[in-house]
Amino acid sequence: MYVLAISRVNCSSGMLPSSLLNMSRLDPWTTIKSLLQARLPKDEFELWFASVSTETSGDRLTMIVPSEVYAEYIRDHHLASLQQLATQVHGPHAVVSLRVDSPAPSTNTVVSRTPLNPRYSFDTFVPGPSNQFARAAALSVAENPGRAYNPLFLYGGSGLGKTHLLHAIGNEVLARNPACRVRYVPTEQFVNELITCIRLQKMTEFRESYRPTEVLLLDDVHIVAGKERTQEEFFHTFNSLHEAGHQIVLTSDTPPTAIGGLEERLRSRFVWGLVADIQAPAFETKCAILLNKARLEGFDLPNDVVLFIARRVRENIRELEGFLNRVIVYSTLTGQAPTLDVVRAALSSLLPDERHVTPAEIIRFVAHHYGLKVADLKGRDNRRSIAFPRQVAIYLIREILSLSYPEIGKIFSKHHSTVIYSVETIVKERLSNPSLDATLTSFVESFR
Ligand code: ADP
Ligand code: MG
């Protein structure tokens, strides 16, 4: 009865139920945090939200985070649900934002509404066989905008560095000529602005806004697939910039030929200049990127940890960085050095089903490390340059998988006494050669 009476009063006076009123007197963050705590695994919540400071100013709910890495992680993993909770708790106008608790890097003079990310430079881009062609093309465009290759079309899978290179071009052009009118545009933004301008009958302004652009960096152009009006407009934008000798750089998930529903006249424009691809990074490149990124964050990563992380990411560098960010934050917040055990704990929730290592994987790994083919290791060539890596592979399979000697013999088509001899050889060599010992330790650890 009592409850009923109250709710009637509330209805008639248009007031909120008292429980919600009480809640609304709280800082919305207190409520958001307690709701998050219920939703997230304990570790995850403790790590990212338990001790972070927050601010509320009107409808702006700000989370103040200790580093850009931290912000990146929250943005990628939690921002959407934070925003949703904020809307529920605080009201429909709530906006969640992140602020890094350190002076922001200075902004540049780019005309575009989407600024260039100063961290995406050629200096921070780790070169490797998978990206050196695209990188070299990007660099020569940045040194000679409008004259090297026009357009430059970069393509490659997700998370392989296309956006990074695009920003690097913009940053480099501006470093050389701060007055240059560089504009970075995600194609999504191009499409949305176009639609808005059509609706508001502001097409002249739309076109005018691109006219002065001297270097147009259009990201993810594959999304124009099947969008006829966008393609038509982009065709005109492209032509007028190109005729004026202005540089155009495009990125795409696929080569121009594979963008479905692309008008022929546009496709032919895309390949006028140079088409360069970025491929999946080699294992060594992944390691180098990890080391580099860790160093940029002022963080020392032991070798075995680098191998451990690099082995667990297939090819997406964004994922590689995600793992690293988590390790850095985990180790900073828990005050533990990033030893292999700490890293394993930090990543445990991201690696739900640890892959079961197979002999084939170990052989592939060793072959790759020594620049050989799997067939070499399984073959009969007994020159030391091949026999030694083969012995290493045999040793590792024994050490990591504890297979029997005859089982290993079968894999390599060798008598089990040869397998025993191989294992003993490496054990002996390991004792007298500290550098081999360190390498093998890190191999073994990285497979665990
Ligand atoms: P894409 O646009 O191809 O999906 P991004 O350019 O966004 O990929 O790259 C994903 C992340 O990986 C970015 O943080 C970027 O800095 C990083 N990255 C990619 N390639 C490299 C590289 N060669 N060296 C250093 N960082 C890289
Ligand atoms: Mg991208």
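As the structure is a computational prediction, the values presented were derived from the model and not from experiment. Side-chain atoms are counted along with the backbone in the values below, which use heavy atoms only and exclude waters and symmetry mates. Every number for a ligand or one of its atoms is a count from 1 in the order of the listing. For reference, positions follow the sequence shown, starting with 1.
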Quiz prompt | Heavy-atom nearest neighbour of atom 27 (C) of ligand 1 within options N325, N292, L154, I317 | solution = I317

Practice problem: Would you mind running through ligand 1 and noting each atom that sits below 4.0 Å from a heavy atom of S158? | Solution: 4 (O)

Quiz item: N131 and V126: which non-hydrogen atoms are nearest, and at how many Å?
Solution: ND2-O, 3.1 Å

Quiz item: To which protein heavy atom is atom 16 (O) of ligand 1 closest, and what is the distance rounded to 0.1 Å?
Solution: H164 ND1, 2.6 Å

Quiz item: Under 4.0 angstrom from ligand 1, any heavy atom of G156?
Solution: no

Practice problem: Look only at interatomic distance and state if V126 has a nitrogen or oxygen under 3.5 Å from any nitrogen or oxygen of ligand 1. | Solution: yes

Quiz prompt | atom 14 (O) of ligand 1: the protein heavy-atom neighbour that sits closest, reported with distance to 0.1 Å | solution = E321 OE1, 2.5 Å

Quiz prompt | Contact check: P127 vs ligand 1, nitrogen or oxygen atoms, below 3.5 angstrom | solution = no

Quiz item: Any non-hydrogen atom of G157 lying under 4.0 Å from ligand 1?
Solution: yes

Quiz item: Counting backbone and side chain alike, does T163 bring an N/O/S atom below 2.8 Å of the Mg ion (ligand 2)?
Solution: yes

Exercise. With salt bridge (charged side-chain N to carboxylate O under 4.0 Å, His left out) as the test, would you mind laying out the steps for E233 and R207 before giving the verdict?
Key: CA-CA 9 Å; E233 201 51 46; R207 287 180 193 140; 2.6 Å; yes

Quiz item: According to the interplanar angle, ranging from 0 to 90°, do the rings of F365 and F443 count as parallel (below 30°), tilted (30 to 60°) or perpendicular (above 60°)?
Solution: perpendicular

Self-check item: H369 ring center within less than 6.0 Å of F283 ring center
Solution: no

Exercise. Indicate the ring-plane relationship of F234 and F238, choosing parallel, tilted or perpendicular according to the 30° and 60° boundaries.
Key: perpendicular

Practice problem: Assign the ring pair F388 / Y370 to parallel, tilted or perpendicular, where the plane angle (0 to 90°) is split at 30° and 60°. | Solution: perpendicular

Quiz item: Does the cation-pi check pass for R312 over F308, that is, NZ or CZ under 6.0 Å from the six-membered ring centre and within 45° of its axis?
Solution: yes

Quiz item: Does any N/O atom on L160 come nearer than 3.5 Å to any N/O atom on ligand 1?
Solution: yes

Quiz item: In the protein, which heavy atom is nearest to atom 21 (C) of ligand 1, and how far is it?
Solution: F125 CE1, 3.8 Å

Quiz item: Do R265 and F235 meet the cation-pi criteria used here (NZ or CZ under 6.0 Å from the six-membered ring centre, within 45° of the axis)?
Solution: yes

Quiz item: What atoms in ligand 1 come closer than 4.0 Å to a heavy atom of N131?
Solution: 23 (N)

Self-check item: Closest non-hydrogen atom pair, A346 against V327
Solution: CB-CA, 4.3 Å

Self-check item: Heavy atom of the protein closest to atom 8 (O) of ligand 1 (residue, atom name, distance)
Solution: G161 N, 3.1 Å

Quiz prompt | For T124, atoms of ligand 1 separated by under 4.0 Å from a heavy atom | solution = 24 (N), 25 (C)

Quiz item: Do the side chain of K162 and the main chain of D219 share a donor and acceptor less than 3.5 angstrom apart?
Solution: no

Exercise. Tell me which protein heavy atom sits closest to atom 7 (O) of ligand 1, plus the residue, atom name and distance to 0.1 Å.
Key: R318 NH2, 3.0 Å

